[in-house]
Amino acid sequence: MGGDDFDWNTDDELEIENYNSSSSCLTLPNGDAGEASSSAVLANSKVLDHFVNMGFSREMVSKVIQEYGEENEDKLLEELLSYKALESSPQPQQRIEPDPCSSENAGSSWDDFSDTDIFSDDEEIAKTMSENDDTLRSLVKMGYKQEEALVAIERLGPNASLEELVDFIGVAQMAKAEDALLPPEEKLQYNDYAKSNKRRFYDYEVLGRKKPRGCEKKILNEDDDEEDEALHLPNPMIGFGVPTESSFITHRRIPEDAIGPPYFYYENVALAPKGVWQTISRFLYDVQPEFVDSKFFCAAARKRGYIHNLPIQNRFPLLPLPPRTIHEAFPLTKKWWPSWDTRTKLNCLQTCIGSAKLTERIRKAVEIYDEDPPESVQKFVLHQCRKWNLVWVGRNKVAPLEPDEVETLLGFPRNHTRGGGISRTDRYKSLGNSFQVDTVAYHLSVLKEMYPNGINLLSLFSGIGGAEVALHRLGIPLKNVVSVEKSEVNRNIVRSWWEQTNQKGNLYDIDDVRELDGDRLEQLMSTFGGFDLIVGGSPCNNLAGSNRVSRDGLEGKESSLFFDYFRILDLVKNMSAKYR
DNA sequence: CCCAGAATGACTGACGCC
DNA sequence: GGCGTCAGTCATTCTGGG
């Protein structure tokens, strides 16, 4: 009997069929092209909307469409790119420069920054930030959602007028409604169309591939290069250093606007779609992300980006250092581990586990051979083991990790997520969405000597309390913790941990980040005197590679809650002055 | 309704080879 | 550089049984 009886090739064959149905959608669906050809309905045009979503200004796109029509997107894109270059539309770094024409709009919060002698660049940044805040407040007062307003400001830049911003939001809302009304078939086509064009856009704009003729120099300007350089994922992914690897980075420059206290710590998946980390970084005061893979802290990989304003000198790890290979972490698996499975680390612990059916299939595939199975079988088994993080628990027998094993790997106390009416499935889900405690603790360790009497913590998107557990394990007393978490079972887990660890401080929990407005913050901060640290890992749903359905980027349904992290952080930063 | 299992690819960076 | 290949990824949604 050979390996041909198993179906490890069918996956690839099936994929080919899907290709044909989606590869020829570079042109618009028929209905749209006709309807959009008159400029009267330009506000509803999908083409217009599409390019606006790419980041071009609405005015510019309208102009180009009126000039060239909607049919040839290649031409449109080319024109837009050269327009952009010619008009030198604001690049990210230029965007934060103040507009002299709008300086009279500077709000009262500017006064907070004006008590120093030197008028530095960083102060100008601060000034623009407060101007943005005023615009933001105006939009919110007008009844727009915070994240919509933030996206609009982000898209159109700080110099955009209130009118332009309102217009942008209107178009975005219309597009959203229209998208929802579209029949499934058309919607699919439109998505494919959008994706394929988006890809080209990236090729042109970000990667500099296949440059349109005559625009090379203008489009491929320095700023893009610098930004690419700055946000390149480090290899090895050790950020500003890890305890187990030698590192040479001991200093970094934090933009003045970002310097704490209060300290902040933001986390999300490192492998987000292109441009996401640029945007996040830009919002978080242009602090450069620290990309770290938790495989340098434990036996499982976890590639994450962290943006924080903490010092990076004199960090120290939690002790004892956790096992950093699979065999050290799970000694019992050693006996059954075949020599041809060369893994020493697990891949990222996710929210779903491998099925029993799969492990059974693997057992049957392997057990028929006395010696090592043929290479094709090895390849299949290894592929599945890597994909589902399976370990060898018996002769020819693989299995997914148990929830308590995941807890241990992530640095939580055993049974942290157990009990309280939580199902096994939900334990995996909560754990999969959590911090790796040792990694986070290493970054937060510098706070210990700064706050010997403890800290006040604002924990957004707390989940199962990774930040709280990290600080506790570091021996940093928790005076007051405001924990914001949507999931009730997760709140129960944190509450239960809080009680079991005999915390002396106070734990306040809040359901929804949207509830946390200026008034509520003022109320909380006045009772215990401000926050020392604001931690949060906003939802990754729409950023994570595993998401086949709605990997929509930072503006996705859940992931756009990042803008609430920023909103709250900015509020706390501005309110903190009076508590210092 | 709750729970567990199963099916559902795309995107991106790294690397070897030419 | 260009191109093919490969590995890896904090997931969503439907279904079926209790």
Side-chain angles (χ1 to χ4, degrees), chain A residues 7 10-12 14-19 21-23 188 191-192 194-196 198-199 202-203 206-211 228 231-237 267-277 291 293-295 300-306 342-343 345-361 379 382-389 400 403 406 409-410 421-437 439-440 461 463-464 466 487 489-490 536-553 556-559:
Chain A
D7 56 352
T10 52
D11 278 358
D12 296 13
L14 288 174
E15 282 170 24
I16 296 171
E17 292 178 24
N18 295 335
Y19 251 81
S21 57
S22 62
S23 60
L188 185 68
N191 281 342
D192 288 339
K195 276 180 192 165
S196 58
K198 205 190 289 178
R199 179 54 187 264
Y202 287 144
D203 285 347
V206 182
L207 301 177
R209 293 179 191 149
K210 293 200 289 184
K211 290 156 283 188
D228 258 11
L231 288 187
H232 199 260
L233 295 174
N235 187 12
M237 199 183 277
E267 178 260 13
N268 216 318
V269 288
L271 282 65
K274 279 193 170 161
V276 166
W277 275 106
F291 293 107
D293 189 338
S294 292
K295 74 177 180 185
R302 207 168 188 78
K303 298 179 183 64
R304 296 293 181 269
Y306 305 88
T342 54
R343 289 177 297 159
K345 304 266 189 193
L346 292 163
N347 282 334
C348 185
L349 305 165
Q350 303 197 145
T351 55
C352 296
I353 61 163
S355 67
K357 202 168 138 189
L358 174 65
T359 62
E360 182 64 1
R361 239 168 83 196
K379 203 175 166 189
L382 223 42
H383 180 71
Q384 297 300 326
C385 286
R386 287 186 210 272
K387 185 171 171 182
W388 292 106
N389 265 332
V406 179
L409 279 170
L410 291 177
I422 189 173
S423 74
R424 189 181 156 87
T425 314
D426 282 346
R427 285 181 76 186
Y428 283 117
K429 189 171 176 186
S430 292
L431 285 161
N433 284 309
S434 171
F435 287 165
Q436 205 287 327
V437 170
T439 312
V440 172
F461 316 103
I464 56 175
S487 155
V489 286
N490 284 348
S538 66
C540 66
N541 306 21
N542 309 116
L543 308 178
S546 309
N547 190 340
R548 292 134 146 93
V549 182
S550 50
R551 194 183 188 188
D552 301 330
K557 192 164 173 291
E558 285 84 18
S559 292

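First the proteins, then the strands, lettered A, B, ... as listed; each starts at 1. Computed from heavy atoms alone, side chains included, the values below leave out hydrogens, waters and symmetry copies.
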Novice: Polar pairs (N or O, both sides) under 3.5 Å between protein and nucleotides 4-6 of chain B?
Specialist:
from  : atom 1 : to     : atom 2 : distance (Å)
B:dA4 : OP2    : A:T425 : N      : 3.1
B:dA4 : OP2    : A:T425 : OG1    : 2.4
B:dA6 : OP2    : A:S355 : OG     : 2.8

Novice: Mind calculating the distance between CG (A:N547) and P (B:dA7) to the nearest angstrom?
Specialist: 19 Å

Novice: Strictly under 3.5 Å: I want the nitrogen or oxygen pairs between protein and nucleotides 4-9 of chain C, one per line.
Specialist:
from  : atom 1 : to     : atom 2 : distance (Å)
C:dT9 : OP1    : A:C348 : N      : 3.0
C:dT9 : OP2    : A:C348 : N      : 3.4
C:dT9 : O2     : A:G545 : O      : 3.4

Novice: C:dT12 P sits how many Å from A:N541 CG, rounded?
Specialist: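 Checked: the CG to P distance equals 4 Å.
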
Novice: Take A:V437 and A:T439 through the side-chain contact (heavy atoms from CB on, under 4.5 Å) test and state the conclusion after the steps.
Specialist: CA-CA 5 Å; A:V437 170; A:T439 312; over 6 Å; no

Novice: For the pair made of OH in A:Y306 and P in C:dC10, what is the distance, rounded to whole Å?
Specialist: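 Answer to the nearest Å: 11 Å.
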
Novice: Quick one: list whatever passes salt bridge (charged side-chain N to carboxylate O under 4.0 Å, His left out) with A:R427, sequence neighbours left out.
Specialist: A:E407

Novice: Quick one: is B:dG13 close enough that its OP1 or OP2 comes under 4.0 Å of any side-chain N or O from A:N235?
Specialist: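 No, A:N235 has no side-chain N/O under 4.0 Å of OP1/OP2 on B:dG13.
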
Novice: Remember a base hit wins even if backbone is also touched, and classify A:S294 as base, sugar-phosphate or nothing at under 4.0 Å, heavy atoms.
Specialist: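 If one applies the 4.0 Å heavy-atom cut-off, A:S294 turns out to touch nothing in the nucleic acid.
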
Novice: Tell me every residue that passes side-chain contact (heavy atoms from CB on, under 4.5 Å) with A:K379, counting only those two or more places apart in sequence or in another chain.
Specialist: none

Novice: Using side-chain heavy atoms (C-beta onward) and a distance below 4.5 Å, is A:S294 in contact with A:R304?
Specialist: no

Novice: Which helical stems does DNA chain C take part in, if a stem means at least 3 consecutive Watson-Crick or G-U pairs with both distances below 3.5 Å?
Specialist: B:1-8 with C:11-18, B:10-18 with C:1-9

Novice: Taking the side chain as everything from C-beta on, heavy atoms only, tell me whether A:L349 gets closer than 4.5 Å to A:L431.
Specialist: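 No, every pair of side-chain atoms sits at 4.5 Å or beyond.
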
Novice: Whether the A:N541 and A:S559 side chains hold a donor-acceptor pair (N or O, under 3.5 Å, no angle test) is what I'd like checked.
Specialist: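 Checked: A:N541/A:S559 side chains show no N/O donor-acceptor pair below 3.5 Å.
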
Novice: If we take the P atom in both B:dA7 and C:dC10, what is their distance in whole Å?
Specialist: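 After rounding to an integer number of Å, I get 23 Å for this pair.
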
Novice: Nearest heavy-atom pair of A:G537 and A:F435: which atoms, and what distance?
Specialist: N-CZ, 4.2 Å

Novice: Can you sort out the partners of A:R343 under side chain to side chain donor-acceptor pair (under 3.5 Å), two or more places apart, ordered by chain and number?
Specialist: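 Scan of A:R343 (side chain to side chain donor-acceptor pair (under 3.5 Å), adjacent residues dropped) gives A:D341.
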
Novice: Report yes if the side chains of A:P539 and A:F461 come closer than 4.5 Å at any heavy-atom pair, otherwise no.
Specialist: yes

Novice: Given the C1' atoms of C:dA7 and B:dG9, what is the spacing between them in whole Å?
Specialist: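 Roughly 14 Å separates the two C1' atoms.
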
Novice: Check every strand shown and say whether A:G463 touches a base, only sugar-phosphate, or nothing at a heavy-atom separation below 4.0 Å.
Specialist: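 No contact at all - A:G463 keeps every heavy atom at 4.0 Å or more from the nucleic acid.
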
Novice: Measure from CD1 on A:I422 to P on B:dC2 and round the result to the nearest Å.
Specialist: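 In whole Å, B:dC2 P and A:I422 CD1 are 14 Å from each other.
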
Novice: Considering only heavy atoms from C-beta outward, does the side chain of A:L358 approach that of A:W388 to under 4.5 Å?
Specialist: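 They are in side-chain contact.
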
Novice: Distance check needed: C:dC10 C1' versus A:E267 CD, whole Å only.
Specialist: 7 Å

Novice: Is any side-chain heavy atom of A:N268 closer than 4.5 Å to one of A:S538?
Specialist: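 A side-chain contact exists here, since the closest heavy-atom pair is under 4.5 Å.
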
Novice: Can any side-chain N or O of A:N347 pair as donor or acceptor with the backbone N or O of A:N389 at less than 3.5 Å?
Specialist: no

Novice: Please report the distance, rounded to the nearest Å, between CE in A:M237 and P in B:dT12.
Specialist: 15 Å

Novice: Mind calculating the distance between CG (A:D552) and P (C:dT12) to the nearest angstrom?
Specialist: 11 Å

